[in-house]
Amino acid sequence: MKIRVLPQEVFNKISAGEVVDRPYSVVKELVENAIDAEASAISVETEHGGKTFIRVTDNGGGIEREDLSAAYLPHATSKLETAEDLFGVTTLGFRGEAIASIAAVSKMKIVSRTEKGEAYSLACIGGTLGETAPAAGAKGTEVTVEDLFFNTPARLKFLKSDAQEEGDVANMMARFILSRPEIAFSYTANGKLKYRSYGDGLSSALASVYGTGILDDLYELDADKHGVKLHGFIGNQNFSKPNRTYQSLFVNGRYVVNQTVSAALTNAYASYLMKRQYPFYVLFLDVPPEIVDVNVTPNKSDVRFADNQIIYGSVYSVVSSVLDGNSRALEYLAGSVPATKTKPVQEAVPLEKSVSSQPPKVLPSMTYEEAKKELEFDIPPMAGRADLPRRTTIDSSAAFEVNAPTAEAEKPKEDVFEENKQMLLERENAKQQRVDVSSLRFKGELFRTYLFYESGDDAYIVDQHAAHERLIYDRLRAKLANRTIVSQPMLVPFVLTLNAPEFAFLCKQFKILEELGFEVCEFGGNAVKVSAVPSDLMDIDLSAFFGEIVSSMESLRAIKLADLLKDKLASAACKAAVKGGEFLTEEEVTALLARMDGDMGLKCPHGRPVAVHLKKSEMEKLFKRIV
Ligand code: ADP
Ligand code: MG
């Protein structure tokens with residue numbers, strides 16, 4: 001295909017900007033070019049996190065001899081001709097900017113050979129083009145980028161450490177492997193093989209990135225709702241991750257981070273996952289190209305949908321059906337038999353395309369306006385507000401889904417959002433839980449564990465062990481400031497396997513971990529070895545401890561490792577301090593409560609509630625005095 005310079009008026013319509021600012025963005029652009037060239041095998045090598053050396057080799061279509069120099073020109077592309085083409089972009093690149101801007105700030109060389117031609121090479125150093133010369137090479141293209149930013153020292157200074165840059169490249173390679181399971185990738189950093197995939201399907205790609213065991217914890221989706229196709233894998237109800245780096249979304253084959261889709265997933269999982277836990281997903285969303293605008297940011301990491309509510313609603317309803325186990329889930333799970341083939345006799349206007357031998361062409365037969373109306377009924381709002389809108393008890397979507405089982409359409413639907421609402425409500429309540437201690441009267445104790453207090457129309461049940469634990473913990477934590485550190489070598493070192501961004505993050509914490517009494521080092525791949533721990537922390541669960549460190553990598557405030565450590569020390573110590581089934585005297589009971597200072601929202605060090613609030617009206621409901 002010919003490479004031509006885009007006419008000014010076309011180029012002006014493209015959001016332009018800096019595409020190359022870090023080694024990983026160079027790798028990204030080069031791999032995208034290889035994918036656009038329809039390669040079936042792509043290998044990537046880096047040295048020093050890509051700062052000194054990046055090479056991307058593919059077996060794709062190659063570049064003709066006379067096009068080699070055009071490839072280096074700004075705004076030159078073979079992928080776009082007119083402004084109209086912008087609305088149906090199917091290739092990853094289209095701006096014709098990447099090669100030119102990389103070549104301007106590095107020492108770049110392209111060796112390429114098309115199916116019929118010979119191999120030629122052309123180098124460009126800091127933007128100065130060399131001569132096209134015959135070379136040796138197989139079909140495809142090999143692009144080498146050395147000494148990135150050698151001529152722009154200011155930008156060089158902004159790069160992170162080699163390890164961090166390498167981590168970002170690795171992370172992106174993982175996403176390429178997942179996004180293109182039909183392509184065999186290999187990624188080598190400093191001569192060590194980091195990832196290898198075989199191009200034989202998504203489950204194999206997942207295993208390449210996350211290890212073979214992962215598949216046991218996932219559901220495979222394959223759904224088509226309102227013309228929105230969603231397939232891929234999501235973690236089951238009990239499978240969660242400590243941060244968002246295990247979430248990958250590909251819209252029409254492109255990796256994006258998108259608020260709409262992420263909100264839909266977060267809300268679908270809301271009742272299953274606890275605070276600071278995040279769902280695992282690798283999802284592919286395919287929508288008609290004309291309703292998605294990929295031309296939002298120069299680095300193309302987000303997309304804009306013509307209608308967010310449609311996307312949100314479709315993703316939410318597919319994922320929540322599967323998690324909640326509702327009968328429609330069968331339609332959305334890969335490999336499961338569709339719920340029923342028989343259609344209701346009275347067939348309403350078929351809004352979903354009825355069975356035809358040919359797969360329907362992407363566009364939904366329901367208009368977006370119609371679908372939107374339906375979804376307004378069915379789906380909780382995108383922002384997690386406590387006052388969820390009232391919804392009709394009849395599931396409006398069941399009415400026109402011709403494949404929906406009749407039984408389900410007849411019986412009034414249970415409110416699948418009940419749990420979510422409950423959770424939001426509880427969260428609200430937790431805010432105002434401090435009660436005046438003097439108003440509380442002790443009413444007795446059950447099972448040597450639960451203490452009952454009354455105050456007007458409110459009752460509080462306090463778990464004495466949880467409360468006790470919390471108080472001891474607070475005291476210990478305060479005392480810990482002046483501990484002496486003794487490092488204790490472990491008989492069997494503890495090895496922690498992480499993903500690339502987690503690894504890069506933890507490596508940054510090594511120094512402070514060592515100051516605290518740990519001995520830690522890199523252990524090949526993305527693994528970290530712990531070979532000594534502070535002696536007063538011999539008993540803690542190391543995988544939980546490091547899990548917590550890693551989970552804080554995304555929180556807004558920087559992690560205070562020392563604080564986390566104090567938490568751990570205190571909870572380890574207080575476990576030993578609290579005895580079970582102890583009988584408390586009435587004085588002790590009062591003292592306990594006074595020390596809690598009436599805070600009924602307290603949690604024990606392990607996160608369990610210390611007190612539960614019960615209203616008189618709730619008691620009356622239990623006994624059916626009121627409904
Ligand atoms: P864009 O990808 O936006 O078109 P680039 O600057 O990344 O712009 O690439 C310019 C052109 O060089 C592409 O349009 C393509 O024709 C050619 N090209 C770049 N990399 C490759 C490759 N690996 N295989 C084949 N052609 C390539
Ligand atoms: Mg490109």
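Indexing begins at 1, ligand by ligand and atom by atom, following the structure's order. Throughout, numbering of the chain's residues begins at 1 and tracks the sequence.
- With a 4.0 Å heavy-atom cut-off, ligand 1 is reached by the backbone of Ser78 and by its side chain too.
- Using a 4.0 Å heavy-atom cutoff, Gly61 is absent from the residues neighbouring ligand 1.
- When the heavy atoms of Ile63, Asn33, Leu30 are ranked by distance to atom 27 (C) of ligand 1, first place goes to Ile63.
- Less than 4.0 angstrom separates some heavy atom of Ala37 from each of these atoms of ligand 1: 24 (N), 25 (C).
- Where the criterion is an N or O separation shorter than 3.5 Å, residue side chain and backbone included, Ile99 meets it with respect to ligand 1.
- For a threshold of 3.5 Å applied to N or O pairs, the pair formed by Asp36 and ligand 1 contains no separation below that value.
- Near Thr77, meaning under 4.0 Å from any of its heavy atoms, are these atoms of ligand 1: 1 (P), 4 (O), 14 (O).
- Side chains of Tyr187 and Thr46: a donor on one and an acceptor on the other come within 3.5 Å.
- Contacts of Thr141 with ligand 1, taken as heavy-atom pairs under 4.0 Å, involve the side chain alone.
- For the residue pair Ser186/Arg196, the side-chain donor-acceptor check at 3.5 Å is not satisfied.
- Of all atoms in ligand 1, listed by their number and element, those nearer than 4.0 Å to a heavy atom of Gly62 are 25 (C).
- A donor-acceptor pair shorter than 3.5 Å cannot be found between the side chains of Asn526 and Glu502.
- Contact annotation for Asp58 and ligand 1: only side-chain heavy atoms (C-beta onward) come within less than 4.0 Å of the ligand.
- A cation-pi arrangement, defined by a distance under 6.0 Å to the six-membered ring centre and an angle within 45 degrees of its axis, is present between Arg65 and Tyr120.
- In this structure, the side chain of Asn236 does not engage the main chain of Tyr219 through any donor-acceptor pair within 3.5 Å.
- At most 12 non-hydrogen atoms from other residues, nucleotides or ligands lie less than 6.0 angstrom from NZ of Lys109.
- Checking Asn33 against the Mg ion (ligand 2), an N/O/S atom falls under the 2.8 Å cut-off.
- A donor-acceptor contact closer than 3.5 angstrom links the side chains of Asn267 and Tyr312.
- Side-chain contact between Leu249 and Ser262 is absent, with no heavy atoms from C-beta onward closer than 4.5 Å.
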